[in-house]
There are 2 protein chains.
Amino acid sequence: MKRENPQLACEKCSVKDSTFFGNMELSSLTCMSENKTCTVYKKNQVVFHEGTRPQGVFCINRGRIKIYKTGVEGKDQIIQILKSGDLMGYRAMFSEEQYPVSAETLEETTLCFIPKSDFMEALSSDPKLSKSIIKSLSKDLSTMADSLTTLAQKPVRERLAGALTMLIDTYDLDAIEGDTEGINLTREDLANIVGTATETLIRLLHDFKEEKLIETQGRKIMIKNKEKLQRVANLA
Amino acid sequence: MKRENPQLACEKCSVKDSTFFGNMELSSLTCMSENKTCTVYKKNQVVFHEGTRPQGVFCINRGRIKIYKTGVEGKDQIIQILKSGDLMGYRAMFSEEQYPVSAETLEETTLCFIPKSDFMEALSSDPKLSKSIIKSLSKDLSTMADSLTTLAQKPVRERLAGALTMLIDTYDLDAIEGDTEGINLTREDLANIVGTATETLIRLLHDFKEEKLIETQGRKIMIKNKEKLQRVANLA
DNA sequence: GGCGTAAACTGACATTTGTCAAGTTTTCGA
DNA sequence: TCGAAAACTTGACAAATGTCAGTTTACGCC
């Protein structure tokens with residue numbers, strides 16, 4: 001039974017406060033809501049491909065998405081994992097170029113697609129939205145400078161520890177003892193976040209298990225000692 | 001004899017067309033020009049330190065600047081090299097956080113400092129400026145996704161070849177036979193761009209010399225075969 | 001619940017890159 | 001122009017990580 005696409009109103013969105021639109025004027029918000037399209041994507045479905053032209057932006061209502069770039073040998077480098085409340089695809093729209101990355105669902109995901117013209121209209125009518133977006137883009141650049149430095153200078157072990165601590169937030173984990181929720185990512189995806197070979201990644205996960213930093217159930221990774229992970233990661 | 005700081009008017013700036021301000025209304029431009037400060041920095045002078053608070057933005061009138069982040073072991077990762085016409089420091093200002101990076105002159109450099117309030121005023125009075133900045137930030141994020149993927153996936157040799165082709169533009173080189181202008185960077189800086197050890201970098205430069213891709217005179221690197229360098233770099 | 005395929009895992013070995021130490025050359029400031 | 005310091009260079013060896021091949025486990029579908 002294929003899941004029906006929902007009709008979600010922005011004003012009533014349960015994750016609205018996590019989005020750029022949280023402080024938007026109600027009239028602008030309902031206006032933008034009227035022309036959007038809500039779609040349920042299955043797990044491992046590509047939302048957009050690197051090299052295609054953006055026609056609008058996507059707001060994530062539910063689920064998680066990997067943003068990745070495919071290198072010359074066909075291997076993927078995961079740049080970011082987005083979750084509910086995040087806006088996706090707006091950068092390529094602003095730079096008036098093709099998507100420099102691809103986007104693929106990591107689990108079943110509901111996306112609201114806002115056509116370019118409606119989004120630009122909202123941007124013009126609400127100067128606070130512009131400001132939020134500039135601020136967010138600037139923070140993203142700061143984060144990426146961090147990522148670049150980490151990749152250039154830290155060994156794989158430290159990078160994996162750092163990635164796991166980051167994923168605590170992405171998966172909304174409490175990291176409290178007994179918490180059975182976990183990070184559900186293939187080892188290949190995790191290796192593509194860290195920037196290493198899958199086998200190397202697996203070996204280090206084994207080490208972390210031996211050291212009681214994590215536990216696994218099937219593919220799921222449970223964080224057992226967040227503080228120590230952060231120390232291993234050499235986070236300031 | 002210490003060099004005097006010049007008084008440069010934005011309306012008459014020789015690199016104005018390379019800046020964000022090239023299409024700005026003359027009245028806004030002169031207004032902004034009135035409250036700025038022009039300063040000559042010597043080679044190897046730090047303009048701002050990572051962790052400090054921005055009070056405005058810098059526009060590069062002349063010279064080159066390395067933007068770098070210092071890792072946990074004290075080694076620098078050069079994120080970007082900026083040249084005349086580039087604007088510097090605006091991202092931290094927008095994100096309302098401390099500079100996530102440091103900036104240091106690579107040669108004698110003239111900078112125009114525009115106080116935050118004047119810059120924000122200009123931004124408010126010229127919506128095209130906002131748009132240019134959003135566009136530029138978005139392109140920068142695309143470039144950084146590239147850099148991240150390159151660092152994760154390409155071997156050092158390819159990365160060096162890519163860095164050298166990028167520096168052709170930064171140093172305004174023609175790459176025409178007989179051109180005696182060159183890239184004047186320490187081997188340590190070049191290694192910090194590529195993300196490798198200085199010795200590894202030097203060995204590869206030696207290889208490139210043997211292969212007639214480059215020539216050196218003292219520290220200066222002359223590009224001899226740009227097309228082949230691009231092929232070595234596996235650039236699309 | 002069973003099956004098949006993909007993903008996860010492991011061991012052995014190869015390759016790439018880094019570290020260390022010492023010597024040579026270039027740069028820069030007085 | 002000179003001298004000292006910084007930068008460049010080279011060789012030897014170590015460490016980190018990747019590749020390859022085979023085995024085991026997990027997941028998704030019927």
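Every chain is numbered from 1, with letters handed out A, B, ... down the list of sequences. Just so you know, these numbers come straight off a predicted model, no measurement behind them.
A straight line from CD1 of Ile202(A) to P of dT23(D) spans 17 Å, rounded to a whole angstrom. Regarding Arg157(A), its CZ atom lies at a distance of 11 Å from the P atom of dA16(D), rounded to whole Å. Taking atom CD of Glu199(A) as the reference point, atom C1' of dA6(C) lies 14 Å away to the nearest angstrom. Look at CG on Leu205(A): it is 17 Å from P on dT25(D), rounded to the nearest Å. Note: CD (Gln217(B)) to P (dT26(C)) measures 11 Å, nearest angstrom.
Residue Arg203(B) places a side-chain atom within donor-acceptor reach of the base of dG11(D), judged by atom type and a 3.5 Å distance cut-off alone. No donor-acceptor contact under 3.5 Å links the side chain of Glu188(B) to the base of dC8(D).
For the pair Arg53(B) and Tyr99(B), the cation-pi criterion (under 6.0 Å, within 45° of the ring axis) is not fulfilled.
Using modelled atom types, one finds no donor on one side chain facing an acceptor on the other under 3.5 Å when comparing Tyr68(B) with Gln77(B).
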Practice task
Evaluate the criterion side chain to side chain donor-acceptor pair (under 3.5 Å) for residue pair Thr70(B) and Asp76(B); output intermediate values, then yes/no.
Solution key: CA-CA 4 Å; Thr70(B) 304; Asp76(B) 296 336; 2.9 Å; yes
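Closest approach to the Arg219(B) side chain among dC27(D), dA7(D), dT17(C) is made by dA7(D) (side chain taken as heavy atoms from C-beta onward).
Classification of the Tyr90(A)-Phe20(A) ring pair by plane angle, with boundaries at 30° and 60°, yields perpendicular.
Using a 4.0 Å heavy-atom cutoff across all strands shown, Lys43(B) reaches sugar-phosphate atoms only and no base atom. Here Lys209(B) lies in heavy-atom contact (under 4.0 Å) with sugar-phosphate atoms only. Among the heavy atoms of the strands lying under 4.0 Å from Thr196(A) are primed sugar atoms or P, OP1, OP2 only; no base atom is included.
Taking 4.0 angstrom as the limit, Thr200(A) places a side-chain polar atom (N or O) nearer than this to OP1 or OP2 of dG18(D).
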